[in-house]
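As the structure is a prediction and not an experimental result, all values here were calculated from the model. Just so it is clear: chains get the letters A, B, ... in the order the sequence lines come, proteins before strands, and each one is counted from 1.
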There are 2 protein chains.
Amino acid sequence: MTVAPLPKASRRGLAQEAADLIREAIFTGHFPPGAQLREVELAASLGVSRGSVREGLALLEREGLVHSVWHRGTTVVDVTAQDVEEVYTLRAALDRLAATSAQRNATADQLTELDTLVRAMAQEISGDASGATLLALDIAFHDRIYDAANNRRLVEAWRAVRSQIYLFQLRRIALGHEHYRARVVDEHRELVTLLRADDRETLARRAEEHVDSARCSLLAGLSPSM
Amino acid sequence: MTVAPLPKASRRGLAQEAADLIREAIFTGHFPPGAQLREVELAASLGVSRGSVREGLALLEREGLVHSVWHRGTTVVDVTAQDVEEVYTLRAALDRLAATSAQRNATADQLTELDTLVRAMAQEISGDASGATLLALDIAFHDRIYDAANNRRLVEAWRAVRSQIYLFQLRRIALGHEHYRARVVDEHRELVTLLRADDRETLARRAEEHVDSARCSLLAGLSPSM
DNA sequence: TCAATGTCGAATGTCAACATTAGGACATGA
DNA sequence: TCATGTCCTAATGTTGACATTCGACATTGA
């Protein structure tokens with residue numbers, strides 16, 4: 001028998017590796033919105049070939065983090081009010097479907113995991129945590145819901161907005177996140193409760209409203225800087 | 001002033017060209033579901049480098065038409081009942097959002113174009129048209145709605161399922177499309193009417209039901225062959 | 001006979017050199 | 001001064017050769 005169920009036995013190739021590194025650099029602000037991502041520069045700094053960087057950038061474009069046009073290179077997406085509007089409107093539709101699908105398909109274990117995450121959030125709130133870890137828990141929570149929905153295409157669509165959500169929210173908690181902290185735990189706890197109930201219509205509506213609340217909160221904190 | 005708004009002034013590069021050719025080959029059945037797409041083979045037959053083919057295949061993977069795993073190549077997606085279920089469930093959610101967004105944002109011209117498309121459908125029905133042109137009109141109709149929704153991310157998400165929808169439906173009309181012909185025109189005409197009205201809830205529900213109807217019709221015609 | 005292992009072929013992953021393109025600097029003309 | 005056309009440069013697009021990996025078959029040993 002094998003010694004242990006390794007976290008990830010699958011090899012990923014240099015393109016994914018490069019994509020991970022570049023994504024991280026974007027999140028940390030090393031590449032601000034609108035910045036150009038030059039292939040030669042990245043290839044040199046990451047120690048891989050231009051081909052791999054190129055493929056990695058294509059992956060990031062799939063996630064909506066960068067945008068590239070022919071013979072004009074790729075740039076980090078910029079965060080305008082319209083962009084926020086677009087991403088969150090789409091996410092509301094996706095979350096609605098994910099929630100209702102998860103309501104039918106989720107196993108007891110998966111629901112328990114959601115409980116655990118909500119508890120972790122509550123603990124973070126009482127502690128002195130930076131908003132970043134709280135945000136990570138928030139995203140992880142929704143990741144689990146999408147997993148439970150049991151629809152690979154839906155997960156793919158979620159991946160196409162997930163990174164942008166993360167980027168937007170990161171930018172926001174840098175400006176203060178009191179309003180965010182105050183609501184997160186309660187809203188997520190309510191979602192778990194509704195997932196366990198069998199009122200599909202209410203769940204669908206609340207899932208959309210949950211995203212709307214996040215959007216409004218984001219726009220309120222972001223608009224002065226735009 | 002410029003002489004005319006050219007249909008496509010943008011150069012696209014070999015990768016897109018290759019992707020178009022391969023996509024067409026998949027639609028015509030030259031590569032049946034499950035078939036392996038070997039890079040060297042394609043590169044030779046298309047007269048371009050392997051790198052371009054590789055990039056083109058990545059584009060097709062974004063559209064959900066092919067699937068590729070590390071060091072094991074890329075294959076055409078196969079059409080199981082679960083796949084149909086996944087794609088159409090996601091599409092229902094997207095169409096719902098597209099319809100309600102279009103209801104708010106569509107210009108009069110865009111609505112008129114929808115009318116034109118519906119009339120073209122009706123004309124095809126009375127003629128001896130193959131189902132293929134009818135299907136093309138169907139897809140074009142929904143393309144316009146997504147355009148009218150005025151949300152680039154939503155259009156991207158639509159592109160990720162559009163080709164699969166087309167593939168599924170093509171496979172279906174090969175087996176006979178009486179049921180399809182009987183309903184298409186009326187259903188689309190109703191959608192345009194609802195887009196012009198201001199009852200958002202009814203439009204949202206009917207948009208979902210329109211997709212559901214297509215899904216059921218597809219599963220009914222397809223299941224014996226699976 | 002069967003299972004574990006070594007070897008082989010064919011495909012993909014990676015790389016560095018070459019070709020092409022967009023955008024700006026400069027000079028020229030009305 | 002403005003418009004236009006021509007270079008030039010820095011980046012991307014493209015290519016063919018090289019390295020790596022997977023699956024299958026043959027081989028070996030119990």
Side-chain angles (χ1 to χ4, degrees), chain A residues 1-3 6 8-23 25-26 30-63 65-78, chain B residues 1-3 6 8-23 25-26 30-63 65-78:
Chain A
M1 63 178 286
T2 55
V3 284
L6 294 175
K8 276 182 184 175
S10 68
R11 307 220 187 148
R12 308 179 307 143
L14 288 189
Q16 291 233 4
E17 214 82 32
D20 289 346
L21 259 25
I22 300 173
R23 188 189 305 113
I26 293 176
H30 190 288
F31 295 114
Q36 275 242 356
L37 299 172
R38 273 173 276 272
E39 296 180 356
V40 281
E41 186 178 312
L42 289 171
S45 98
L46 298 182
V48 298
S49 157
R50 257 190 64 211
S52 302
V53 169
R54 198 180 169 72
E55 203 167 329
L57 288 176
L59 289 177
L60 292 182
E61 188 174 17
R62 236 159 114 171
E63 300 179 11
L65 265 186
V66 304
H67 179 71
S68 71
V69 294
W70 200 65
H71 257 298
R72 227 181 290 179
T74 85
T75 57
V76 181
V77 294
D78 48 355
Chain B
M1 63 178 286
T2 55
V3 284
L6 294 175
K8 278 177 188 175
S10 67
R11 304 221 192 146
R12 308 178 310 140
L14 289 188
Q16 291 231 6
E17 213 83 31
D20 288 346
L21 260 23
I22 300 173
R23 188 190 304 113
I26 293 177
H30 190 289
F31 296 114
Q36 276 241 356
L37 298 173
R38 272 173 276 272
E39 295 180 357
V40 282
E41 186 178 312
L42 290 170
S45 99
L46 299 183
V48 298
S49 157
R50 256 190 65 210
S52 303
V53 169
R54 196 181 171 73
E55 204 166 329
L57 288 177
L59 289 177
L60 292 183
E61 188 174 17
R62 248 208 258 195
E63 299 179 12
L65 265 186
V66 305
H67 178 71
S68 71
V69 292
W70 200 65
H71 258 298
R72 227 181 286 181
T74 87
T75 58
V76 182
V77 294
D78 48 356

Nearest-nucleotide check on DNA chain C, A:A15 vs A:R72; residue mapping nearer the 5' end is A:A15
Rounded to whole angstrom units, what separation is found between the CH2 atom of B:W70 and the C1' atom of D:dG23? 15 Å
Short side-chain N/O contact from B:S52 to OP1 or OP2 of D:dT15, under 4.0 Å: yes
Testing C:dG13, D:dT14, D:dG13 for proximity to the side chain of B:R50, the answer is C:dG13
Test log, rule side-chain hydrogen bond (donor to acceptor under 3.5 Å, both in side chains), inputs B:S68 and B:E61: CA-CA 7 Å; B:S68 71; B:E61 188 174 17; 3.2 Å; yes
B:L37 near the nucleic acid: base, sugar-phosphate alone, or nothing, with a heavy-atom cut-off under 4.0 Å? sugar-phosphate
Can you tell me the distance, in whole Å, between the CZ atom of B:R12 and the P atom of C:dT21? 15 Å
Rounded off to whole Å, could you give me the CG-to-C1' distance for the B:L42 and D:dG16 pair? 17 Å
Evaluate the side-chain proximity of A:E55 to A:Q16: yes if any heavy-atom separation is below 4.5 Å, no if none is. no
Write down the distance between CD (A:E55) and P (C:dT12), rounded to a whole number of angstrom. 13 Å
Please tell me which of the listed nucleotides, D:dG13, C:dT12, C:dT14, lies nearest to the side chain of B:H71? C:dT12
Taking only the side-chain heavy atoms of B:S49 (C-beta and beyond), determine which of D:dT15, D:dT20, C:dC15 contains the nearest atom. D:dT15
Taking the side chain of A:L14 as heavy atoms from C-beta outward, which of C:dT12, D:dC22, C:dC15 is closest to it? C:dC15
How far apart are the closest heavy atoms of A:P33 and A:D78, and which atoms are they? CB-CA, 3.8 Å
Please report the distance, rounded to the nearest Å, between CZ in A:R54 and P in D:dT14. 7 Å
Just checking A:G51: base, sugar-phosphate only, or nothing, at a heavy-atom cut-off of under 4.0 Å? nothing
Atom CD of A:E17 and atom P of D:dT20 are separated, to the nearest Å, by 17 Å
Spacing of CG belonging to A:D20 relative to CZ belonging to A:R12, to within rounding of 0.5 Å: 4.5 Å
Rounded distance in Å - CD (A:E39) to P (D:dA10): 17 Å
Measure from the side-chain heavy atoms of B:R38 and tell me the nearest of C:dG13, D:dT12, C:dA11. C:dA11
Would you say the side chain of B:L65 lies within less than 4.5 Å of the side chain of B:V76, judging by non-hydrogen atoms? no
N/O (side chain, B:T74) to phosphate O (OP1/OP2, C:dT12) under 4.0 Å: no
